[in-house]
Amino acid sequence: RSTPKPSSAASDVYKRQEYEVLMFDKVNNTNIVDWTNVGSELTKTFTGFSLVNNGRYSFKVRATDIAGNLSNEVESLEFQVDNEKPVVTILFEGLEGNEKDLDWFAPDDEIVMNWTGTDNGEILHYEFAIGTTDSTDDIVAWTIAANDSSDTTASDQFVEGKDYFTNLRPKDKADNVGDIFSSDGFRIDGAPPIAGKVNDGVAEDIDFSESTTTMGVNWTGFVDNESGISHYLVSLGTTQGGEEVRQPVDVGDVKNYIFSELYLDHGVTYYSSVTAVDSAGNESKIVSSDGFDVDTVSYTHLRAHETSLH
């Protein structure tokens, strides 16, 4: 049911005698209700018919003064019938600038809840909550989101060892409230990975290298019992933990790496260093190898020379 109100644009220099109102179907270009005389009343309620979902309608009003002069028609703004619930289509947790769905966060992270929704009309707002099970709000009570596509909450209100779920509920401009949509959940990990051992070379640890352009490094024993190791950062320097030769590079979740395009100097000791990073972004302590020396003199020639002297 709808209640149109005549516009002041329907005024006349003569005293108004009566108004007429009709209801118009904008989609089918036809009258739903023909001109209806409402006398001097300024409102009219139409009942007894069913409007079509997604239909677009308007009202028209005209006035007749005491002399029988008919005013121009004045049309209301268009309105749409909407009896469908809005729907959340995507909901996930991540970090600012990272559009990936993350399952683990560090205790000092600012967690960003991202979502999209759809409606046959227009969504008015979203309410979100956070609970220890889906559809609940025992951690963050239901509140209207400040943004129509994301909101942020500090992770310091969560504890390790529990599952948390973001829950979202949309409402459209026709006051239809959608069903609660829950994320796949997230957890907190504040513990860094346990450090392991780093060796120079592609297999067993070496102490000397004849190459000045390439060098391998391998590692074992790094462990993370919570979110799991995501990747390793590997560097090369002239000091333990240093990166004078090669700054830390993300090599993925592997156990060895070969530095290439190096410019190593004969007689200098170099150290390979590795840091493990877990899925929450926590980093292990930096572990360095015991070092290797670059020696460009062939040991085969040296031994042959030594033999010839005996």
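Predicted model only: the values in this text are computed from it and were never measured. Residue indices begin at 1 and follow the sequence shown.
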Side chain to side chain contact (heavy atoms under 4.5 Å, CB included) evaluation trace for D295 with H266: CA-CA 5 Å; D295 190 345; H266 170 76; 3.1 Å; yes

Connecting only ILVMFWY residues whose side-chain heavy atoms lie within less than 4.5 Å of each other, what is the rest of Y164's hydrophobic cluster? V88, L91, L95, L102, F105, I111, M113, W115, I123, Y126, F128, I130, I139, V140, F158, V159, L168, F181, F186, I188

Applying salt bridge (Lys or Arg N to Asp or Glu O under 4.0 Å) as the test, list every pair that has at least one member in residues 183-198; sequence neighbours left out. D163-R187

Contacts of T30 that satisfy side-chain contact (heavy atoms from CB on, under 4.5 Å) - sequence neighbours left out: D25, N28

Within-4.5 Å side-chain heavy-atom neighbours: T275 and I286: yes

If every non-hydrogen atom of A129 is compared with every non-hydrogen atom of D137, which pair is closest and at what distance? CB-CB, 3.4 Å

Should the heavy atoms of other residues, nucleotides or ligands under 6.0 Å from NZ of K162 be counted, would the total exceed 12? no

When you group the ILVMFWY residues by side-chain heavy-atom contacts below 4.5 Å and let the links chain together, are F208 and Y271 in the same group? no

Exercise: identify the closest heavy-atom pair between A191 and E160: N-OE1, 4.2 Å

For A106, is there any backbone N or O sitting under 3.5 Å from a side-chain donor or acceptor partner on S155? yes

Going by side-chain hydrogen bond (donor to acceptor under 3.5 Å, both in side chains), name the pairs with one or both residues in residues 102-111, residues two or more places apart or in two chains. none

Which atom pair, heavy atoms only, marks the closest approach of V202 to N218? C-ND2, 3.7 Å

Output all residues satisfying side chain to side chain donor-acceptor pair (under 3.5 Å) with D138, sequence neighbours left out; order by chain, then residue number. T132, T136

Tell me if a side-chain donor or acceptor on Q240 pairs with a main-chain N or O of S289 at a distance below 3.5 Å. yes

D293 and T269: side-chain donor and acceptor closer than 3.5 Å? yes

Going hydrophobic residue to hydrophobic residue with side-chain gaps under 4.5 angstrom, can you get from V87 over to V81? no

So, does T89 use its side chain to make a donor-acceptor pair with the main chain of T116 at under 3.5 Å? yes

Minimal non-hydrogen separation, Q80 against G121, with atom names: NE2-CA, 4.0 Å

Apart from Y232 itself, residues in the same hydrophobic cluster as defined by side-chain heavy atoms under 4.5 Å: V198, I206, M215, V217, W219, F222, I229, V234, L236, V245, V249, V251, V254, Y257, F259, L262, L264, V268, Y270, V274, V287, F292, V294

Working to the nearest 0.5 Å, report the span between OG of S273 and CG of L233. 11.0 Å

Between D224 (side chain) and S227 (backbone), is there a donor-acceptor pair under 3.5 Å? yes

Is S183 close to F92 at the side-chain level, that is, under 4.5 Å between some pair of heavy atoms? no

Any donor-acceptor pair under 3.5 Å from D250 side chain to G252 backbone: yes

Say you draw a straight line from CG of N83 to CG of N53; how long is it, rounded to the nearest 0.5 Å? 4.0 Å

Would you call F49 and L51 a side-chain contact if the rule is heavy atoms closer than 4.5 Å? yes

E283: what forms a salt bridge (charged side-chain N to carboxylate O under 4.0 Å, His left out) with it, not counting sequence neighbours? none

Rounded to the nearest 0.5 angstrom, the OG-CG distance for S279 and D253 is 9.0 Å

Partner residues of D175 under the side-chain contact (heavy atoms from CB on, under 4.5 Å) criterion, sequence neighbours left out: K171

So, N114 and S150: side-chain donor and acceptor under 3.5 Å apart, yes or no? no

According to salt bridge (Lys or Arg N to Asp or Glu O under 4.0 Å), does anything in residues 125-136 pair up with another residue at least two apart or in another chain? List the pairs. E127-R169

Just verifying a value: how many Å separate L22 CG and D34 CG, rounded to the nearest 0.5 Å? 7.0 Å

Going from CZ on F59 to CD on E75, what distance comes out if it is rounded to the nearest 0.5 angstrom? 11.0 Å

side-chain hydrogen bond (donor to acceptor under 3.5 Å, both in side chains) between N167 and S182, intermediate numbers included: CA-CA 4 Å; N167 304 297; S182 299; 2.5 Å; yes

Salt bridge (Lys or Arg N to Asp or Glu O under 4.0 Å) contacts in which one or both residues fall within residues 83-101, not counting sequence neighbours: K85-D179

Quick note, salt bridge (Lys or Arg N to Asp or Glu O under 4.0 Å) partners involving residues 256-265, not counting sequence neighbours, are none

Report whether M23 and L42 are members of the same hydrophobic cluster (ILVMFWY, side-chain heavy atoms less than 4.5 Å apart, transitive linking). yes

Would you name the heavy atoms of D205 and D200 that are closest together and state the gap between them? OD1-N, 2.9 Å

Find out whether K173 and D82 are in side-chain contact, i.e. whether some heavy atom of one side chain is under 4.5 Å from a heavy atom of the other. no

Nearest-0.5 Å distance that lies between atom NZ in K44 and atom CG in N37: 10.0 Å

Which atom pair, heavy atoms only, marks the closest approach of S235 to G242? OG-O, 3.5 Å

Tell me, which pairs form a ring-ring contact (aromatic ring centres under 6.0 Å, His included) where one or both residues lie in residues 20-41, sequence neighbours left out? none

